[in-house]
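Source: prediction; values computed, not measured. In the text below, chain A, chain B and the rest are named by the order of the sequence lines, each starting its count at 1.
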Amino acid sequence: MTSLAVHLPGLPLKNPIMPASGCFGFGREFSQFYDLSKLGAVIMKAATGEARYGNQTPRVAETSAGMLNAIGLQNPGVESIIQTEVPFLANYNTSIIANIAGSTISEYKMVAEKFNQTKDVHALEVNISCPNVKEGGIQFGTDPVMAAKVTEAVKEVSNLPVYVKLSPNVTDITSMASAVASAGADGLSMVNTLTGMKINLSKRKPLLANKTGGLSGPAIKPVALRMINEVKQQVNLPIIGMGGIASAEDVLEFLIAGADAVAVGTANFQNPFICSEIIDQLPVILEQYGYSSIQEVIGKGARI
Amino acid sequence: MTSLAVHLPGLPLKNPIMPASGCFGFGREFSQFYDLSKLGAVIMKAATGEARYGNQTPRVAETSAGMLNAIGLQNPGVESIIQTEVPFLANYNTSIIANIAGSTISEYKMVAEKFNQTKDVHALEVNISCPNVKEGGIQFGTDPVMAAKVTEAVKEVSNLPVYVKLSPNVTDITSMASAVASAGADGLSMVNTLTGMKINLSKRKPLLANKTGGLSGPAIKPVALRMINEVKQQVNLPIIGMGGIASAEDVLEFLIAGADAVAVGTANFQNPFICSEIIDQLPVILEQYGYSSIQEVIGKGARI
Amino acid sequence: MIQKETVTVKSSKTVALNTTELILQNEYLSQSANPGQFIHVYIDGFMLRRPISIADVNKKEQTITILFKQSGKGTEKIASYQPGNMIDVLGPCGNGFPLESTDDKILLIGGGIGVPPLYYFGKKMSETGKEIISILGFQSKKDLFYEQEFQQLGTTYIVTNDGTYGDKGFVTSLFNKLENYDSYYACGPIPMLKAVKKELPNKVGYLSIEERMGCGIGACFACVIPTTDQTGYKKICKDGPVFSAQEVLL
Amino acid sequence: MIQKETVTVKSSKTVALNTTELILQNEYLSQSANPGQFIHVYIDGFMLRRPISIADVNKKEQTITILFKQSGKGTEKIASYQPGNMIDVLGPCGNGFPLESTDDKILLIGGGIGVPPLYYFGKKMSETGKEIISILGFQSKKDLFYEQEFQQLGTTYIVTNDGTYGDKGFVTSLFNKLENYDSYYACGPIPMLKAVKKELPNKVGYLSIEERMGCGIGACFACVIPTTDQTGYKKICKDGPVFSAQEVLL
Ligand SMILES: Cc1cc2nc3c(=O)[nH]c(=O)nc-3n(C[C@H](O)[C@H](O)[C@H](O)COP(=O)(O)OP(=O)(O)OC[C@H]3O[C@@H](n4cnc5c(N)ncnc54)[C@H](O)[C@@H]3O)c2cc1C
Ligand SMILES: Cc1cc2nc3c(=O)[nH]c(=O)nc-3n(C[C@H](O)[C@H](O)[C@H](O)COP(=O)(O)OP(=O)(O)OC[C@H]3O[C@@H](n4cnc5c(N)ncnc54)[C@H](O)[C@@H]3O)c2cc1C
Ligand SMILES: Cc1cc2nc3c(=O)[nH]c(=O)nc-3n(C[C@H](O)[C@H](O)[C@H](O)COP(=O)(O)O)c2cc1C
Ligand SMILES: Cc1cc2nc3c(=O)[nH]c(=O)nc-3n(C[C@H](O)[C@H](O)[C@H](O)COP(=O)(O)O)c2cc1C
Ligand code: FES
Ligand code: FES
């Protein structure tokens, strides 16, 4: 059988498939469906310095081939995650990636530092692109200077590989990527959600309590692919690609466009087995399109 | 019956429904399906100074709830449009909006000037947001200073109301809107397409010959609504809203979010009668949601 | 345990205006579902699954029943399903009504399309010998369903907002008529649940609560509700949809 | 004139590997369609319509026939349609093959799923007394369809790329075998059309050309092809899909 192993700097993965942050909780619910050891990695829900409640409900809305969410980074706080969630995931033979967020650079730094002291976390994904919080989040993700500062701060306190998660809500994604690359990022995660809105016609106002939310799902796939390809041509960093992936064919599209591994988000809600099924399908699809290994697909994105 | 008339500055419309530029040609093909006099207005395909052939094919690709296009502004040139297309549309009792594009500010200016001399054109829509051409187009649409310059240049030579069509591929849509407002725009058209990509798995490269294309259709509706609402809160200009509209309910969503009229693009390809059907449905939907007139819906977007 | 199951439509019936009853064949769900739990229904062409309560179970026939109102494109599509059609569902989801109560006399309070989950619960309670009183509220006569089914469980009062059937008013209008029941179990729109909780502050009560859902299994934090306990919140899809009235802040 | 019509599936048949023949009932299309025209098929859940050639027409029965290969999600879905299903189509679209030719002997050249439109054209030409020769190329024996149908029109040669049926090779391999026909009519993949045009530079020929389409009616400029005339381009959906070989630049 085709080996699916991919080698990201500091983060070798048995396969390039992982659930995206916020779409898999901390894995507990999905562990009842299949063995999480099958996954290349698990990206945990965002962690902040303290527990957060998040936004008012409704927090999700359905759109054509997509959904809006405005969870607002609800999470039990980094301490609690390290005490109860990381040990649970550590039972499985998979890599653990901690998604970190904050309102200030020092909060990012503090959260990164805590995870760095935990032996079971294998990489950090720095979420500078959450559109659903008033402070931090997307502000860091739309200004190259701020993005670089967050990256530097996290790198300072961390020996783990640092993936910076970029927002697609920008004019020039390559300047964001270059800025975090110069600041020392080990890799990129692309993309987070596009900010969107839906109107509740009966109530004559936005459906989400937060008014706007992040658009995810197949609707955004073309934008994700374009941005990944654009960045791949100019910035020499590995990319964890995401945005609307729902099949092994989608994974292949992302790898050809320039991703080195991928994350699956919203599709987990439609089909909780999706990551497992994609891992099963991937060798079949690779063969169908004439590839003899996953390495043959990866890394050519800059030249397509 | 509920009157659907809306009054945009310098552009009174019998109803707020018009086909979007590039999705209706110059109306000829659709005139075989229904009487174009039914439309609030027709926005013509982009005009440039000279005839253009556009990009290589394939020029379109299907995506989830959307499509990518990279037509590349193919058109017979402003002279030919004025001589053969405007007179055809002038047979109908509807407003004609000319969509203008160019590689340079002087090309925009020249095209605007020519339309201004034609008695049958009622407004200009300045396309500073075409993602599918190498020069001009989206460069003007992602930089507020350039956008303002194009707007000023067009305003200088035109007595017609000038709607500037904004690109959604920007970090800060309100700064774009403010810039063109200060430069004298009479209104905004929002939004053009989001730049995207699709991979042809068999060929291992982008499906579109142009590599990237503009994403349109229901997939982008949440982004369009969010941007319109954002702009409405800060910039006091009428907005022609568009992006994924395919039903009278969608129209209502746009009007509540802050649009003053709307354009229907991609949906014309799925159902050539769509604009006509929406015009028929609109009074029914207004009543269903408790509105006694279209004016009751419009103009509250800043306060929802 | 939640499983991903394929259910087969056995019958489809319109029971009130835009209200459909589907009987679904599935062994696992019929054997494992508890009253108040729901299934999370996949509908081809839609991004998110739809949560629908389990309204009845027939273990022998290996069927479950759902009852739903056509309130959008998704439920419209499910309403068009014919016998033989297969549906992909997750279930049974959530925690249902408490079954271990020692009360003798219980009150069921259902509002509109909140009525269905109370039926299977009432049936179960009736089987254990409890006395059941039901108050069911509907917009109008044309929305009414399952009156006879509830009457078989015990005294049943119907109220309609427009007075076209039963008493005119809200479910709460009847509270003064009723005496010495031991606990109540309510499901319906949030304003109704708020009113019920407020009017019956001293009763032991349980509320089944709706919220828009992403995953339906507790992973996405879409469906939280603030609580009075120290964690500060619960997930409706996983910890609920049934909560003790004291526990949650509406 | 193009109309938006609802057609009813009368029969569905698998005629080769992943290749389906659908007979569709519709009065307007059956009376107005010309050989080489296509219908633009709406498929529920897909953004864009799919162009499919009209392969045959039965005016008396008021049916049209389409033949297509399952080459993606859309054609897979159409292949699943059952008798009685209704489909929304635009048609008849485009300009078909020229019917006013005075030639006595014509050559049809079809490659794979390009074969269908040639059938109705051949039938029409045969009815007017012309002699028909056909060369049909397929990947493999399992892809072959309509051999007998074409044989009824005249001499028919089959070639397969892998030699599993008929001669091994491409349609062009047979050109040296054939004599004094007056004109040719070809439909198939672009590389085949290029080869045909190159090998038969001195013949009058017509090519039916495929391109990805947006509107299918000439409004969106998605499907242009460069031409040798002064306008510099034609729209395949409106001016074609059939062009004189001299007219277009492949
Ligand atoms: C635990 C639970 C049990 C339910 N049981 C029933 C039942 O037994 N019978 C019944 O008729 N309805 C029930 N509902 C409500 C039902 O889920 C919605 O009516 C349904 O999702 C609407 O889908 P739609 O596509 O028709 O509407 P749309 O408005 O088109 O749906 C769009 C999105 O909003 C969500 N949504 C819309 N209304 C609601 C709502 N009231 N609650 C939650 N999500 C909503 C949909 O799930 C979907 O994601 C229940 C809801 C919950 C949370
Ligand atoms: C004028 C014309 C006549 C045709 N006649 C026939 C016929 O008689 N029988 C037949 O089997 N096929 C025919 N085709 C090709 C047919 O349109 C495609 O096979 C079909 O659109 C593929 O759709 P899909 O959803 O299965 O594939 P997907 O690849 O999923 O389709 C995605 C998108 O690409 C477009 N697309 C993909 N392949 C083609 C193609 N080859 N040509 C044009 N668009 C394409 C689709 O229309 C759709 O918009 C014809 C094409 C044209 C232009
Ligand atoms: C409900 C929900 C919650 C999310 N929470 C987070 C989060 O906590 N941190 C983060 O970096 N991204 C978060 N995301 C973004 C996803 O990780 C992913 O980048 C995005 O959804 C695009 O992928 P998809 O289309 O496959 O869902 C969330 C997305 C959804 C839908
Ligand atoms: C095939 C195609 C061609 C287009 N050509 C133009 C154009 O010439 N000028 C322009 O301003 N916008 C053009 N657009 C953008 C549309 O006018 C519209 O802004 C966009 O498609 C979003 O609306 P929709 O989702 O309803 O299609 C084009 C869109 C499509 C799909
Ligand atoms: S719906 Fe995802 S946590 Fe409840
Ligand atoms: S497909 Fe639109 S012009 Fe041909």
Worksheet item: Which atoms of B:L201 come close to chain A, meaning under 4.5 Å heavy atom to heavy atom: side chain ones, backbone ones, both, or neither?
Response: both
Item to complete: Measure distances from B:L252 to the heavy atoms of chain A and classify the residue's part below 4.5 Å as side chain, backbone, both or neither.
Response: both
Partner chain B: residue of [options] with the largest heavy-atom pair count (under 4.5 Å):
options	value
A:G217, A:P206, A:G66	A:P206
A:P222, A:G196, A:G290	A:P222
A:I256, A:I199, A:V170	A:I199

Response to the item:
Taken to the nearest 0.5 Å, the spacing of A:L225 CG from B:L207 CG works out to 11.5 Å
Discussion item. Does anything in residues 238-246 of chain B reach chain A? List residues with heavy atoms under 4.5 Å apart, or say none.
Written reply: none
Fill in: Partners passing side chain to side chain contact (heavy atoms under 4.5 Å, CB included) against B:A177 (at least two apart in sequence or in another chain)
B:L166, B:L188, B:V231, B:V235
Cross-chain donor-acceptor list, chain B and chain A, 3.5 Å limit, no angles:
{"unit_1": "B:T171", "atom_1": "N", "unit_2": "A:T171", "atom_2": "OG1", "d": "2.9"}
{"unit_1": "B:T171", "atom_1": "OG1", "unit_2": "A:T171", "atom_2": "N", "d": "2.9"}
{"unit_1": "B:T171", "atom_1": "OG1", "unit_2": "A:T171", "atom_2": "OG1", "d": "3.2"}
{"unit_1": "B:T195", "atom_1": "O", "unit_2": "A:R226", "atom_2": "NE", "d": "2.9"}
{"unit_1": "B:T195", "atom_1": "O", "unit_2": "A:R226", "atom_2": "NH2", "d": "3.2"}
{"unit_1": "B:M197", "atom_1": "N", "unit_2": "A:P222", "atom_2": "O", "d": "2.9"}
{"unit_1": "B:I199", "atom_1": "N", "unit_2": "A:E253", "atom_2": "OE1", "d": "2.9"}
{"unit_1": "B:R204", "atom_1": "NE", "unit_2": "A:Y291", "atom_2": "OH", "d": "3.2"}
{"unit_1": "B:R204", "atom_1": "NH2", "unit_2": "A:Y289", "atom_2": "O", "d": "3.0"}
{"unit_1": "B:R204", "atom_1": "NH2", "unit_2": "A:G290", "atom_2": "O", "d": "3.1"}
{"unit_1": "B:K211", "atom_1": "NZ", "unit_2": "A:I304", "atom_2": "O", "d": "2.7"}
{"unit_1": "B:P222", "atom_1": "O", "unit_2": "A:M197", "atom_2": "N", "d": "2.9"}
{"unit_1": "B:R226", "atom_1": "NE", "unit_2": "A:T195", "atom_2": "O", "d": "2.9"}
{"unit_1": "B:R226", "atom_1": "NH2", "unit_2": "A:T195", "atom_2": "O", "d": "3.3"}
{"unit_1": "B:E253", "atom_1": "OE1", "unit_2": "A:I199", "atom_2": "N", "d": "2.9"}
{"unit_1": "B:Y289", "atom_1": "O", "unit_2": "A:R204", "atom_2": "NH2", "d": "3.0"}
{"unit_1": "B:G290", "atom_1": "O", "unit_2": "A:R204", "atom_2": "NH2", "d": "3.1"}
{"unit_1": "B:Y291", "atom_1": "OH", "unit_2": "A:R204", "atom_2": "NE", "d": "3.2"}
{"unit_1": "B:I304", "atom_1": "O", "unit_2": "A:K211", "atom_2": "NZ", "d": "2.7"}

